[in-house]
There are 2 protein chains.
Amino acid sequence: MHTAAAHATKLELTKSQIVIAPQTAGLFRANSVTTFNAGAEIYAPGDKAGTFYHVEFGAVRIHRLLSDGRRQVIAFHLAGETFGFEADRTHSFFAEAIAPTGLRAINRTANDQALPELLSLALRGMLRAQEHIMMIGRQTAVERIAGFLVDMAERQGGLEHFDIPMTRLDIADYLGLTIETVSRVFAKLRSAGLIKLRSIRCIEIKKHEALRSLCA
Amino acid sequence: MHTAAAHATKLELTKSQIVIAPQTAGLFRANSVTTFNAGAEIYAPGDKAGTFYHVEFGAVRIHRLLSDGRRQVIAFHLAGETFGFEADRTHSFFAEAIAPTGLRAINRTANDQALPELLSLALRGMLRAQEHIMMIGRQTAVERIAGFLVDMAERQGGLEHFDIPMTRLDIADYLGLTIETVSRVFAKLRSAGLIKLRSIRCIEIKKHEALRSLCA
DNA sequence: CGGTCCGTTGACGTGACTCAAGTTACGTGG
DNA sequence: CCACGTAACTTGAGTCACGTCAACGGACCG
């Protein structure tokens with residue numbers, strides 16, 4: 001199974017401190033921005049939780065490995081999104097940058113005014129996870145890819161073309177498919193004229209409605 | 001596909017009011033208990049959200065249908081658990097009793113003292129959903145069933161045998177499988193001596209460790 | 001005691017996986 | 001700038017886990 005156990009053999013886990021004008025995000029106490037190279041680990045299962053991260057630029061994947069190397073990507077977080085909250089005191093997933101990424105760490109203050117905001121984020125995260133379950137539980141490969149592309153398009157502001165920061169392997173592990181299936185479905189959508197691959201990571205949606213109608 | 005679109009053709013949606021001694025649950029304002037028959041709808045997509053439900057007895061399934069009838073069960077809630085929180089003002093799933101069930105409705109008060117409690121529930125719900133993604137995204141049928149049985153055993157207090165309130169179809173739709181596959185895997189686990197089916201809905205785990213080792 | 005729902009089992013089909021062989025994109029050093 | 005090595009992606013052929021279709025058995029209920 002092509003599910004990147006190899007990836008676990010750490011890349012260059014560089015993490016450089018770059019201070020950018022601190023700007024308060026909501027009611028949290030915001031810190032400076034830290035940049036991560038592609039592949040760099042942000043946290044791992046077992047790490048102490050309690051800090052949230054606001055994506056300033058770049059993208060992050062949240063995932064977990066099974067003992068035999070099978071990998072499931074739980075979520076992608078793009079610029080403008082916040083992640084890192086956990087039910088327990090320690091993280092239960094990996095968070096890694098999937099491109100050069102800037103994160104603003106946000107320390108949860110002891111007695112938060114920000115609870116409603118945090119609750120909203122948690123509920124939204126729960127909903128997202130539930131829709132993800134729907135997708136990988138009951139949809140075909142084509143439906144999953146179509147849904148993924150529509151989602152990405154919307155999260156990038158609905159432009160007619162956009163770059164995806166993740167590899168085919170990341171997409172496969174997010175959708176519960178293999179890299180080969182992802183590649184084949186892309187080819188199928190392309191030859192059906194629904195999308196165009198401007199480059200390997202730049203996707204243009206040619207027939208938005210047709211694509212959306214595939215989402216089941 | 002055996003995924004209960006037929007079920008949508010409403011059963012006897014009976015909902016009888018029975019008042020039981022009101023008892024405050026946490027910091028919420030708790031109401032009386034309402035009982036639902038098996039199959040009765042508690043809420044549906046589009047219904048106004050904002051009320052939570054504490055399961056006094058019985059069990060509830062949360063699910064959603066695709067347009068062609070494919071069904072995905074998102075979660076089961078057993079006695080002692082709380083459900084019903086949503087990111088939006090309206091529900092996006094069905095909630096139905098899967099056995100005679102008593103629910104204590106809990107109205108969210110305008111300016112909650114209960115926010116931390118609610119946040120904790122939301123985070124725990126998110127974690128549960130994420131582990132569910134892991135399960136249906138990357139595990140085989142045997143692994144999913146084993147995981148399901150271990151989970152059910154733990155949630156029932158870790159007894160060596162327990163009743164499951166849901167049908168094979170509910171289990172199938174929860175795990176992203178078909179009813180036939182569920183049945184076959186049960187048969188396989190039984191003939192391997194890992195479990196015993198005392199009756200069709202009563203499961204005895206004979207080799208707890210062996211079962212757990214199947215969970216990947 | 002007949003109908004209905006639920007569950008089981010078998011035979012067969014197929015969508016996605018596996019294995020394998022390329023090709024393309026990209027970074028690095030000469 | 002090109003040569004090289006590596007990672008990412010694509011494509012094809014064959015396989016398999018799970019789905020589909022179908023027949024049947026048991027439990028419950030009026």
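Every chain is numbered from 1, with letters handed out A, B, ... down the list of sequences. Hydrogens, waters and symmetry mates play no part in the numbers below; they use all other heavy atoms, side chains included.
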Figure out the [atom1]/[atom2] separation between [X] and [N], and round it to whole Å.
| X | N | atom1 | atom2 | result |
| --- | --- | --- | --- | --- |
| Ile136(B) | dC18(D) | CD1 | C1' | 15 Å |
| Lys188(B) | dG10(C) | NZ | P | 14 Å |
| Arg168(B) | dG26(D) | CZ | P | 16 Å |
| Asp173(B) | dG7(C) | CG | P | 12 Å |
| Ile145(A) | dC9(D) | CD1 | C1' | 14 Å |
| Arg190(B) | dT9(C) | CZ | P | 6 Å |
| Phe186(B) | dC6(C) | CZ | P | 16 Å |
| Ile171(B) | dG7(C) | CD1 | C1' | 11 Å |

Problem set entry | Nucleotide nearest Glu180(A) when distance is taken to its side chain, options dT11(D), dG19(D), dA8(D) | dT11(D)
Exercise. If you check the Ala141(B) side chain, which of dT18(C), dT11(D), dC18(D) turns out closest?
Worked result: dC18(D)
For this session: With salt bridge (Lys or Arg N to Asp or Glu O under 4.0 Å) as the test, would you mind laying out the steps for Glu204(A) and Lys206(A) before giving the verdict?
Result: CA-CA 6 Å; Glu204(A) 179 180 347; Lys206(A) 306 285 284 185; 3.7 Å; yes
Problem set entry | Sugar-phosphate only, base, or nothing, as touched by Arg144(A) at under 4.0 Å among non-hydrogen atoms | nothing
Exercise. Starting at the 5' end of DNA chain C, which residue's closest nucleotide do you reach first, Ile200(A) or Thr140(A)?
Worked result: Thr140(A)
For this session: Check ring-ring contact (aromatic ring centres under 6.0 Å, His included) between Phe76(B) and all other residues, then give those that pass, not counting sequence neighbours.
Result: Tyr174(B)
Problem set entry | Arg184(B) (side chain) and dG10(C) (base): donor-acceptor pair under 3.5 Å | yes
Exercise. Does Thr181(A) have a side-chain nitrogen or oxygen under 4.0 Å from the phosphate oxygens OP1 or OP2 of dA16(C)?
Worked result: no
Problem set entry | side-chain N/O Thr167(A) vs dA8(D) OP1/OP2, d < 4.0 Å | no
Exercise. Are Arg124(A) and Asp88(B) close enough for a salt bridge, meaning some N to O gap below 4.0 Å?
Worked result: yes
Problem set entry | Basic-acidic side-chain contact under 4.0 Å: Asp170(B), Arg71(B) | yes
Seminar exercise, completed: Between Ala79(A) and Phe57(A), the two heavy atoms sitting closest are CB-CA, 4.1 Å
